[in-house]
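Okay, structure first, notes after.
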Amino acid sequence: MAKKVIKRSWAEPFKIKVVEPIKMTTREHREKEIKIAGYNTFLLKSEDVYIDLLTDSGTNAMSDRQWAGMMVGDEAYAGSRNFYHLWDNVKKYYGMPYFVPTHQGRAAEHIISKILIKDGDFVPGNMYFTTTRLHQELAGATFVDVIIDEAHNPKSEHPFKGNIDLEKLKNLIEKVGAKKIPYVSVAGPVNMAGGQPFSMENLKEVHKLCSEHKIKLWFDATRATENAYFIKEREAGYKEKSIAEILKEICSYFEGIWVSAKKDLMVNIGGILATKNKKVFEKARNMVVVYEGLHTYGGLAGRDMEAMAIGLEEMVEYDNIRARIGQVEYFGKELDKYGVPYVRPIGGHAIFLDAKRFLSHLTQDQFPAQTLAAEIYIDSGVRGMERGIVSAGRDPKTGKERYPKLELVRLTFPRRVYTQAHIDVAVESIATVYQNRKNITGLKMIYEPEYLRFFQGRFEKL
Ligand code: F0G
């Protein structure tokens with residue numbers, strides 16, 4: 001008799017030591033709460049949320065080593081021991097000699113945008129991120145999306161949808177001139193594209209082209225270890241390399257990086273600005289005292305910096321990343337059983353439901369993704385976020401809606417927080433909403449703040 005093929009599974013490389021109870025609520029309660037929140041999941045109280053897939057930002061579970069590190073915080077105003085531990089690890093893992101801590105990612109974006117950008121400049125990037133683009137625009141630049149077309153197509157199975165289109169970049173350089181391009185803004189994996197990575201090959205080509213024109217590359221390394229993982233899995237020649245080695249190679253092509261430590265580093269707060277350029281560093285170190293705090297704490301407590309330093313060591317552990325991305329993959333494969341449309345291939349930090357196909361009877365002006373996020377919350381208390389027309393905001397020059405091609409609901413996985421059973425509950429809820437999708441009506445916006453409107457905008461049922 002032939003032997004039955006036994007599937008061998010992976011499991012998380014950790015066990016649970018501390019638990020936080022979460023509240024289960026009724027549908028009636030959730031209907032009331034989402035209305036009060038103006039149908040914006042950002043405005044819900046977290047105690048009314050059952051499974052929180054809003055973001056992986058600052059919502060991660062720290063390890064016992066990180067918590068132990070919190071106890072050895074050196075809270076000196078100047079020259080904290082933890083700052084030096086963190087700096088050593090920034091050098092070690094990102095290969096950047098100069099470093100300034102900030103309280104979170106957008107603070108580093110603010111400082112670096114002000115330093116590098118002059119009024120009237122152009123900043124090309126592989127799709128925008130909300131806070132990144134806003135700081136570039138506030139510093140006087142026009143953002144130009146140079147990501148490959150496949151990134152805007154949720155059905156495309158391209159393995160590296162985060163890649164930069166060299167023709168688009170060349171055309172921009174020809175059109176505006178290299179002097180008007182202070183740097184190329186590269187992120188990986190690309191959050192708004194569905195957590196899609198770039199390849200090392202593409203990065204090398206972009207670097208070569210930019211070197212010819214003396215344009216520097218800057219890297220949003222917020223989830224860089226996930227990009228390194230995809231390179232290891234998908235790109236020839238990297239299978240035997242460690243995550244740390246791949247990360248170091250990626251960073252070698254950049255003049256500098258900014259990082260929201262609230263993701264890869266698995267801490268609740270923190271940011272990094274690091275560079276090889278001493279002049280840029282000196283400016284950043286001077287600016288940080290204006291906006292954040294002294295350059296040896298940058299708006300953070302000593303204990304936060306210690307947790308970050310240890311997080312840097314844990315983030316490059318292969319088993320950790322495999323389990324993290326494996327969880328997202330599991331979620332996607334379970335959704336497949338119900339035919340739910342989402343951005344392909346499955347990305348690094350989240351599943352992005354394709355709201356255009358999910359609620360195909362709604363027009364983009366009726367905010368399909370905003371609507372869908374609210375409906376999933378009502379069904380089960382699972383919280384996701386809109387990543388479509390609301391997040392894209394208006395063009396700052398014309399004031400017109402930007403109508404992005406992607407109209408998505410992001411369901412994001414905090415690191416080391418939820419179990420497979422939580423995922424099953426979320427999948428079943430989404431499948432239920434999908435079955436009943438024809439009965440769902442859209443929304444209209446009744447309050448629109450000027451900046452990053454998705455955080456505080458309010459809506460009403462049509
Ligand atoms: N860059 C990327 C790629 C991000 O995803 C974020 C934050 C930032 C920069 C800004 O960092 O929040 O520490 O100020 N992303 C969060 C998210 C908010 O939910 O994706 P921050």
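Computed over heavy atoms, backbone and side chain alike; hydrogens, waters and symmetry mates excluded. Indexing begins at 1, ligand by ligand and atom by atom, following the structure's order.
The two residues Leu300 and Pro101 come nearest to each other via the heavy atoms CD1-CB, 4.3 Å.
Checked against the 6.0 Å centroid criterion, the rings of Tyr39 and Phe459 do not qualify as a close aromatic pair. Ring centers of Phe455 and Phe42: under 6.0 Å apart, within the cut-off.
Both the sub-6.0 Å distance and the 45° axial angle are not jointly satisfied by Arg383 relative to the ring of Tyr377.
Relative orientation of the Phe254 and Phe219 rings is parallel, given thresholds of 30° and 60° on the angle between their planes.
Remark: Ile351 CD1 to Lys333 NZ distance equals 10.5 Å, nearest 0.5 Å.
Contact shell of ligand 1 (protein heavy atoms, cutoff 4.0 Å): Thr55, Ser57, Gln104, Gly105, Arg106, Glu109, Phe129, Thr131, Asn191, Asp220, Thr222, Arg223, Ser260, Lys262, Lys263, Met385, Arg410.
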